Amino acid sequence: MESTINIENVVASTKLAEEFDLIKIEAELEGAEYNKEKFPGLVYRVKSPRAAFLIFTSGKVVCTGAKNVEDVRTVITNMAQTLKSIGFEDVNLDPEIHVQNIVASADLKTDLNPNAIALGLGLENIEYEPEQFPGLVYRIKTPKVVVLIFSSGKLVVTGGKSPEECEEGVKIVRVQLENLGLL
Amino acid sequence: RLRKWQRRIRVSNATERNLAFALSELDRMASALGLSRNVRETAAVIYRKAVDKNLIRGRSIEGVAAAALYAACRQCNVPRTLDEIAEVSRVSRKEIGRTYRFVSRELALKLMPTSPIDYIPRFCSGLSLKGEVQAKGIEILRQAAEKELTSGRGPTGVAAAAIYIASILCGDRRTQREVADVAGVTEVTIRNRYKELAEELGIEIIL
DNA sequence: GCTTTAAAAAGTAAGTT
DNA sequence: AACTTACTTTTTAAAGC
């Protein structure tokens, strides 16, 4: 089966140490931004596979912006190595990583009618306020994902914990629209 | 026993006081927006239902009142944008929108998205345009809806473009800036929408 | 609820040129 | 009028207000 979705962003969390001295990291790593009053986490961007990190004093880390689930491990491992080389001897170089959210896009390749879809899926199951946003918001219970449906036929799936859940979300939308005769 | 009664009376007083405040707020906002008695009563009904379902918990009375008014305008087909409601409320557009979604869902209002057609009468009066232009604008929007040219677009922008075209076709032209001002959109938006409508509906605009 | 990050979708907005 | 940049919606973790 050809891939029907394009993963655009993966958000993951992990714990690299018991604690971090963010002021030291900010001083050692070029480009690191840390404003405790503004936000409790230190922001650091990497280019390897491109990604952004939010590092906290608790040792916990949030990684966003990765384009693949595999890149997440690569980038986090590199981050751990960088922190170790900067003087943090106790960083875990092989931490447990939790993918928290995946944002993906898809294309049904047909124009869609949001108003008809709203009535078909049921006004109580969707949110569609073109005055505020052009996409129709459809929340699916299982898998627990949210799909944004546009009149162009393009979709955005978010909230999934794995690529499979995102694929499933697109599949559900496609099947329901087909059954409604709106595809 | 006596304390229990006092508590009930106190709660009752607070409830009545809050309801009175909410209703006066609805009236104040409705007056500022020039809304009819029908819309005010519809808003009051929605607000009372929200109170009966305890939807006020964790929300401000003003926020729910503003959301109820926004919903009432839509239900009565005389829509106001969230920005217009926010202008006469002390609650932000974001808060009103969030409360509206919650109340709308909890009370199962099942409102369809606002139709551009519902903005035509108000915008035309604001531009002192006659019924002929109004009818032409509505006709254009009906055709546009059939060809699905309005999906995903802001209702006010589409309505503004239809009025702009209608005013020209009826020989009582209004400038893009004039229409943009009453509709609360930019000239760029009117330009984008009217070009699209004229093109797809085969309307020749001679300036 | 907010603050910060990333990203797509499509519409609208604002500032420059 | 074109460009650019930016904000709207959704999701999600983190620590703290």
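Residue numbering restarts at 1 for every chain, and letters A, B, ... go by the order of the sequence lines. Given the structure is predicted, the values throughout are model-derived calculations rather than measurements.
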When rounded to the nearest Å, what value does the distance between [atom1] atoms of [N] and [M] take?
N: D/dT9; M: C/dA13; atom1: P; answer: 15 Å
N: C/dA9; M: D/dA1; atom1: P; answer: 26 Å
N: C/dA8; M: D/dA2; atom1: C1'; answer: 25 Å

State whether [X] places a side-chain N or O below 4.0 Å from either non-bridging phosphate oxygen (OP1 or OP2) of [N].
X: B/T189; N: C/dA13; result: yes
X: A/K144; N: D/dT12; result: yes
X: B/T186; N: C/dA13; result: yes
X: A/Q132; N: D/dT9; result: yes
X: B/R98; N: C/dC2; result: yes
X: B/K195; N: D/dA1; result: yes
X: B/R193; N: C/dG11; result: no
X: B/R153; N: C/dT12; result: no

Return the nearest nucleotide to the side chain of [X]; candidates are [options].
X: A/V62; options: D/dT10, D/dT12, D/dA14; answer: D/dA14
X: B/R101; options: D/dT9, C/dA8, C/dT3; answer: D/dT9
X: A/K161; options: C/dA10, D/dT12, D/dA1; answer: D/dT12
X: A/T64; options: D/dA13, D/dT11, C/dA9; answer: D/dA13
X: A/P40; options: D/dG16, C/dA10, D/dT12; answer: D/dG16
X: A/R45; options: C/dA6, D/dT10, C/dA7; answer: C/dA6
X: A/F56; options: C/dA6, D/dA15, D/dT12; answer: D/dA15
X: A/F150; options: D/dA13, D/dA14, C/dA10; answer: C/dA10

With sugar-phosphate meaning primed atoms plus P, OP1 and OP2, does [X] contact a base, only sugar-phosphate, or nothing at under 4.0 Å between heavy atoms?
X: B/V185; answer: sugar-phosphate
X: A/K36; answer: nothing
X: A/V103; answer: base
X: A/G135; answer: nothing
X: B/R59; answer: nothing
X: A/G169; answer: nothing
X: A/S152; answer: sugar-phosphate
X: B/G154; answer: sugar-phosphate
X: A/S58; answer: sugar-phosphate

Using whole Å, what does the distance between atom [atom2] of nucleotide [N] and atom [atom1] of [X] come to?
X: A/L54; N: D/dT11; atom1: CG; atom2: C1'; value: 15 Å
X: A/R50; N: C/dA6; atom1: CZ; atom2: C1'; value: 9 Å
X: A/D71; N: C/dA6; atom1: CG; atom2: C1'; value: 14 Å
X: A/K38; N: D/dC17; atom1: NZ; atom2: C1'; value: 16 Å
X: A/L22; N: C/dT5; atom1: CG; atom2: P; value: 15 Å
X: A/F39; N: C/dA6; atom1: CZ; atom2: C1'; value: 13 Å
X: A/L148; N: C/dA8; atom1: CG; atom2: C1'; value: 9 Å
X: B/N192; N: C/dA13; atom1: CG; atom2: P; value: 10 Å

Exercise for the section: Verify whether the ring centers belonging to A/F133 and A/F150 lie closer than 6.0 Å. Expected result: yes

Exercise for the section: Return yes if the base of D/dT10 and the side-chain atoms of A/T158 contain a donor-acceptor N/O pair under 3.5 Å, otherwise no. Expected result: no

Practice task
Run the salt-bridge test on B/R122 and B/E84 with the 4.0 Å N-O cut-off and return the result as yes or no.
Solution key: yes

Problem - SB check A/R45 A/E33 (cutoff 4.0 Å) - result: yes

Exercise for the section: Indicate yes or no: at least one non-hydrogen side-chain atom of A/E168 is less than 4.5 angstrom from one of A/I140. Expected result: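 A/E168 does not reach A/I140 side chain to side chain.
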
Exercise for the section: Please step through salt bridge (Lys or Arg N to Asp or Glu O under 4.0 Å) for the pair B/R80 and B/D118, ending with a clear verdict. Expected result: CA-CA 10 Å; B/R80 254 64 206 180; B/D118 291 337; over 6 Å; no

Problem - First of A/A52 and B/E187 reached from the 5' end of DNA chain C, by closest nucleotide - result: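 Counting from the 5' end, the first nearest nucleotide belongs to A/A52.
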
Problem - ILVMFWY cluster, B/I46 and B/M112 together (side-chain gap under 4.5 Å) - result: no

Exercise for the section: Quick one: do A/V62 and A/V11 satisfy side chain to side chain contact (heavy atoms under 4.5 Å, CB included)? Show the steps, please. Expected result: CA-CA 7 Å; A/V62 171; A/V11 181; 4.2 Å; yes

Practice task
Using atom types as modelled and distance alone, determine if a side-chain donor or acceptor of B/R142 lies under 3.5 Å from a backbone N or O of B/I117.
Solution key: no

